[in-house]
Amino acid sequence: MAEEKKSLNFIEQIIEEDLQNGYKKEELKFRFPPEPNGYLHIGHASSINLNFGLGLRYNAPVNLRFDDTNPIKEESAYVDAIRKDVEWLGFKWEKECYASDYFQQLYDWAVKLIKAGKAYVDSQTSEAMAQQKGTPTQAGTSSPYRERSVEENLELFEAMKNGKTKEGEHVLRAKIDMASPNMLMRDPVMYRTLHKPHHRTGDAWKIYPMYDWAHGESDFIEEISHSFCTLEFLPHRELYNWFLQQISTTNDFVPKQREFARRNLSHTVVSKRKLAQLVEKGIVTAWDDPRMPTISGLRRRGYTPNSIRKFAETIGVGKRENVIDMSHLEFCAREDLNKTATRVMGVLDPLKLVITNYDEAKEEWLETENNPEDEQAGTRTIPFSREIYIEKEDFREEANRKFFRLKLGKEVRLKSAYIIQANEAIKDENGEIVEVHCTYDPKSRSGSGTPESKRKVKGTLHWVSIKHAVPAEIRLYDRLFTDATPDAHKEKDFLEFINPKSLEKITGYVEPALQKAKELEHYQFQRIGYFCVDQDSSENQLIFNKTVGLRDSWAKIDK
Ligand code: ATP
Ligand code: MG
């Protein structure tokens, strides 16, 4: 493939400008800062790809930073899951960092701010504070505690830290400007009291820093050059800079916050909080349910790291929020799996076919290609015998000329095997076809080199030998939501758009080579789609998840 000359995206342009204006290349450093309050989703993949992608591009370190400042919702199980997902996507972090490792430093800086008259303990209720905030066009009013003495503030703050005060009794606020046009600058809360154990610091802390106070300071401690976050943090930038000004000296290298647009995916929700509801309410089985837009759900469904990275890469970074159609993600999966997935035989809706001129006692192992897209993939053999399954929809008694599958009196090729002709449809008392009798042309075996083997017939069908077939549970998935943007409706909750038919379990029949298929192996069931071995699968009970069909089955419906 020709080398693609890509133009710089706006984030890369920012970095290039900084390099021209005196930043040194060695100073570049990035971070991916998830809060461990849930599993990573496809939206995070964009941020991961952006930050780690920049690391690769500029040969700069990238930290994995857990933004663990809220013990109420955070757990170490989420930390483990996040670590696993970033690794699986193929990225390496320089350091594994935790905002909670900086609690002491943050506390010391807060004390410094109090001493400088830049922070105070407010003892009002949160309602009273909210009332004083004002509106974007109207200045707020000062708290009656705003002018507390430094001594009293220090004393109270220490009491908060030591758990001597109750939750909700006091907060520490930065003393900035109650008339600022930016509401976030109107004396934002820096600390709150929470008598909750933290998954890493245990009971050591009774006060926890707020996002704005912790994030920029963590960036500063780690010497991050560019701190990229999503657009909703644009108004926070002023506060980010204000806090950094208070703690840095003129010689310090100060990080820079810049914003990019969140990426959303159609027919799902990308918010940990909402995904947590799906798990809690039992709408899905777990965070890694193959219907979930989580990295772990996509992995279990059969998506590859390549396909997810390619997805993030092609949608790129932007300045405006948008919804990417699910079909684009599916396209990326097909493109990658087409190159890598082993082609196998699997019949999902079986119809019995008897080859009446094939000896009952005979069986043959026929050679077939593992992947015509990959010469290295080699070949294997598949068993053929007198009775085989084909898909029910591949046979009709009569059909028009455009039906290139099997019909009475006509021929098709059985993939990697013989040309057969259908002679008779056997029906049950309800008139339903239960069996089709055929004859085969013994000279027509694929690859045998005979003139008959080269004979062109219009249709080729997949099949499995009944005697050798292994039953398997096949899980077929549809979109989890019936609406393209389930959480964009003002008057309806996103849960009202759950697709009741998002999962169907059926029994299919696969060739015996799959008996030993291992978790996460990818296969193309020929003419059907891509399938992945589920984690609950075993030799005794094979389970396959359908990743995606060979073609976009939604294209027609959506348009
Ligand atoms: P959620 O609402 O799902 O919890 P979040 O932004 O609160 O998302 P964080 O764990 O704080 O989740 O996110 C880590 C990083 O990933 C942040 O820099 C955040 O901006 C980015 N991110 C989160 N969601 C998306 C998205 N949909 N598109 C792009 N980046 C995202
Ligand atoms: Mg969050």
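Model, not experiment: these values are computed from the prediction. Every number for a ligand or one of its atoms is a count from 1 in the order of the listing. What you see below is based on every heavy atom in this structure, not just the backbone, and it leaves out hydrogens, waters and symmetry mates.
Looking at Ser46 next to ligand 1, no N or O pair under 3.5 Å apart turns up. Not one N or O of Arg31 is nearer than 3.5 Å to an N or O of ligand 1, by distance alone. The N/O atoms of His41, backbone and side chain alike, include one that comes under 3.5 Å of an N/O atom in ligand 1. At under 3.5 Å, not a single nitrogen or oxygen of Ala261, backbone or side chain, sits near a nitrogen or oxygen of ligand 1.
Ring planes of Phe494 and Phe481: tilted class, angle from 30 to 60°.
Contact of the Phe103 side chain with the Thr69 side chain is registered, since non-hydrogen atoms from C-beta on lie closer than 4.5 Å. For the pair His267 and Asn499, the minimum side-chain heavy-atom distance is 4.5 Å or more.
Residues meeting the salt bridge (Lys or Arg N to Asp or Glu O under 4.0 Å) test with Asp252, sequence neighbours left out: none. Remark: Asp80 pairs with Arg83 by the salt bridge (Lys or Arg N to Asp or Glu O under 4.0 Å) rule, at least two apart or across chains.
Taking 4.0 Å as the cut-off between side-chain N and carboxylate O, Glu35 and Lys73 do not count as a salt-bridged pair. In this structure, Arg300 pairs ionically with Asp536, as a charged nitrogen and a carboxylate oxygen lie closer than 4.0 Å.
Close approach to Pro34 involves these atoms of ligand 1, each under 4.0 Å from a residue heavy atom: 10 (O), 14 (C). Atoms of ligand 1 found under 4.0 Å from any heavy atom of Pro33, numbered from 1 in the order shown, are 14 (C), 18 (O). With ligand atoms numbered from 1 in the order given, ligand 1 contributes 15 (C), 16 (O), 18 (O), 21 (C), 30 (N) to contacts under 4.0 Å with heavy atoms of Ser47.
Nearest residue to atom 28 (N) of ligand 1 from Lys272, Glu35, Arg263 is Arg263 (criterion: closest heavy atom). Nearest-residue assignment for atom 13 (O) of ligand 1 (options Arg273, Lys274, His44; heavy-atom criterion): His44.
At least one heavy atom of Phe260 sits less than 4.0 Å from an atom of ligand 1.
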